[in-house]
2 protein chains.
Amino acid sequence: MTDRRPSTVKDVAASAGVGIATVSRVFSGTGSVSPATRDRVLAAARALDYRPSALGRGLKLRRSGGIGLIVPDVTDPFCAELVAGVLACARTLGEHVIVDAAGGDPAREAEIVERLAEQRVDGVIAMPAGDEADWRGAARVCSSVVFAGRVLPGPPDVPDVPSVLADDAGGVRAVTEYLAGLGHRRIAFLGAVPGGPPRVRERAFRATLAQLGVPVEEDLVVAARPARDAAYAAAAGLLQRRGDVTAVLAAGHLLGEAAVLVARELDLRVPADVSIAMVDDVAWAELCDPPLTAVARPARDIGYRACELVLREPARRGRGGPVLLPTELVVRGSCGPPRAQRRRRRGNPAD
Amino acid sequence: MTDRRPSTVKDVAASAGVGIATVSRVFSGTGSVSPATRDRVLAAARALDYRPSALGRGLKLRRSGGIGLIVPDVTDPFCAELVAGVLACARTLGEHVIVDAAGGDPAREAEIVERLAEQRVDGVIAMPAGDEADWRGAARVCSSVVFAGRVLPGPPDVPDVPSVLADDAGGVRAVTEYLAGLGHRRIAFLGAVPGGPPRVRERAFRATLAQLGVPVEEDLVVAARPARDAAYAAAAGLLQRRGDVTAVLAAGHLLGEAAVLVARELDLRVPADVSIAMVDDVAWAELCDPPLTAVARPARDIGYRACELVLREPARRGRGGPVLLPTELVVRGSCGPPRAQRRRRRGNPAD
DNA sequence: AAACCCCATGGAAACGTTTCCATGCGAGGG
DNA sequence: CCCTCGCATGGAAACGTTTCCATGGGGTTT
């Protein structure tokens, strides 16, 4: 039936009685074309339903006019917000975005990068999971890579991949100071990263407590992979083992979710029995009962900024370390003064 | 610097001492190449860090090897889940996905479709907002369009755009029967679509009640745009105006959120004073207190299936009406038997 | 032994753009 | 009046791939 092939510059040129170069000039905006000719070309194009082929153009220009975006999981609220930011910025710059989810798997990340390189994307934005080495290779493969929302665990020696991050340290400091200011002394940190050296949130937590003269009990810093089951197990372990904690700072929304569910399961009232706060202000924080105090990371801005960085400012890339965007402490009802010292649930004396 | 241009078939051919046709055959998998030659080509390619250009291939093949995906908002949990499904399927089929958000604006949708057409995508999956006319044009422009998760409000005359949907009617029927079965008689439907004829959920709600012999009070069917503010306003209006409703069925998660917040604001206990259920089982439904009963739509499956449809089964497309995927009623604690007939807000609730 | 066929291979022509370069032409200055 | 300059325009060459077609050679069949 109507599976006519799309019309091309050649068709338009013939129909308008001009050369193909002129048609190209009209559509690419370069060069000069007399108004009369331009009108004639545009009319012909409209009549033929002409639509310039991005493939032809890309081939000639050696760029596709699109960028790649790699996140661990598009259904994660933070990632989704970040994606939205990237889309918003890309739209203003007239680029399209190829999105893919790596599921936190370095091998899949590498695979996606490979594919994006074949697509000749103009740049790649990634929320990385893999290790330094993988990405150093990737940076070689792709024109430009920007990390957004997360960086690699590797040694912070030469940060040759530019990045846009939330000021996690500042956010954790703020919420830790807030909890300490309410009078808490036994504050748990839920969500240390299992292997390897402590990451920025844990470090900020420790540093803030130290600065406030509150001793850090190793027992209260619990590691957990960022997955629902692991988070729940970690939270359950913590709250059962240490009935005397008066506040829990969850390092991410999955951890916060776990803390809330476990507290409910153990019949702990929030914040009367235990205060809960978390990093990442997701939608449900407000719907919780009580609503959860959280450190809001500007996920959308991070995405937007990363996109600007990768497309507009190739010069600034990598200079001056990561771009840090401010967090905000959103105080809701889930934190209060600590309950007077007393045991609850067959507590084990651990102090 | 190392801004060498990427190597091409020509480079590889020269380096391996073969013709470019042979290199192409090795990488595209077509034709036959002797093992020895193949190895030589692969070695040369590896040495040169060769990566076939998707642009060149796309130009020749007249297809980009990617599909377009248009959703209203990637941060919406349902959309995000749908996107994840599409990505999963596209991955298995070796295609990439260009994602964009239209914000529910038909003009933006049209613009995105235009852009995708320029990219010569192999197909488009859309959760549409625009009206029938727009999309009929789009379908002409693009090779193939599939609707996912939502269809157009237009008359269901000639469904020439294939679609993959949740069985909303079944889901609403199930939850309505459940509420009626608990004894509710004054059940509100929150989230009728403002303009135009009633959509499938409202129709199913009315039909089910009619079938059960429960009269539908027009006053209890309230319209609301699917936005936070509108949802909240609608919910507040409903619950303040009609203190005698014993159950609210929210037609979407934003509406459900609004119902929960308004109920809390009005000091209505759930489910003692009012039962709440909603369509769309999002993460916070379980974190709510009490956890919310919801109709789960298989968003991920919908995305996956839509992607299969658009890529694998061009023949089946459009035949036999929309593909309906089953919903599931997830019963949690937010619904109970109706309170004995009495006015709400009779002073201070004893807590 | 001759005819044949299939396989491996290379050359060359697309695919649809952009852009360099050449051409023609009208206007303005010497 | 001629030279020059600038502008509008067209032809043609790239960009990197796939694929048709031709070619040559070795093995099989008669």
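Please read these numbers as outputs of a predicted model, since none were measured by experiment. In the text below, chain A, chain B and the rest are named by the order of the sequence lines, each starting its count at 1.
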*B/Ser28 (side chain) donor-acceptor with B/Ser24 (main chain) under 3.5 angstrom*: yes
*Could you give the angle between the helix axes at the two ends of the helix from C/dA1-D/dT30 to C/dG30-D/dC1, with five pairs per end, rounded to 10 degrees?*
50°
_Taking salt bridge (Lys or Arg N to Asp or Glu O under 4.0 Å) as the cut-off, I'd like each qualifying pair that reaches into residues 62-86 of chain B, sequence neighbours left out, listed once._
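Listed by first then second residue: B/Arg63-B/Glu95, B/Arg63-B/Asp122, B/Glu81-B/Arg300.
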Counting the atoms with a prime plus P, OP1 and OP2 as sugar-phosphate, which does [X] contact under 4.0 Å by heavy atoms, base, sugar-phosphate, or nothing?
{"X": "A/Gly19", "answer": "sugar-phosphate"}
{"X": "B/Val33", "answer": "sugar-phosphate"}
{"X": "A/Gly17", "answer": "sugar-phosphate"}
{"X": "A/Ile20", "answer": "base"}

Closest listed nucleotide, where the reference is the side chain of [X] and the choices are [options]:
{"X": "A/Ser28", "options": "D/dC15, C/dT18, C/dT17", "value": "C/dT18"}
{"X": "B/Tyr50", "options": "D/dT17, D/dT18, C/dT17", "value": "D/dT17"}
{"X": "B/Thr37", "options": "C/dA8, D/dA8, D/dG10", "value": "C/dA8"}
{"X": "A/Val18", "options": "D/dG10, D/dT19, C/dT18", "value": "D/dG10"}
{"X": "B/Ser53", "options": "C/dG16, C/dG10, D/dT17", "value": "D/dT17"}

If I take atom [atom1] in residue [X] and atom [atom2] in nucleotide [N], what distance separates them, rounded to the nearest angstrom?
{"X": "B/Arg63", "N": "C/dG16", "atom1": "CZ", "atom2": "C1'", "answer": "17 Å"}
{"X": "A/Arg57", "N": "C/dT19", "atom1": "CZ", "atom2": "C1'", "answer": "13 Å"}
{"X": "B/Arg51", "N": "D/dC15", "atom1": "CZ", "atom2": "P", "answer": "19 Å"}
{"X": "B/Lys60", "N": "C/dT17", "atom1": "NZ", "atom2": "C1'", "answer": "15 Å"}
{"X": "A/Leu59", "N": "D/dC15", "atom1": "CG", "atom2": "P", "answer": "9 Å"}
{"X": "A/Phe27", "N": "C/dG16", "atom1": "CZ", "atom2": "P", "answer": "15 Å"}
{"X": "B/Leu55", "N": "D/dA14", "atom1": "CG", "atom2": "C1'", "answer": "15 Å"}

Any side-chain N or O of [X] under 4.0 Å from OP1/OP2 of [N]?
{"X": "A/Ser34", "N": "D/dT9", "value": "yes"}
{"X": "B/Arg62", "N": "D/dT17", "value": "no"}
{"X": "B/Thr22", "N": "C/dG10", "value": "yes"}
{"X": "A/Ser32", "N": "D/dC7", "value": "no"}

*Summarise how protein sits on nucleotides 20-28 of chain D as a single string, 5' to 3': B when a protein heavy atom is under 4.0 Å from the base, S for sugar-phosphate-only contact, - for no contact.*
---------
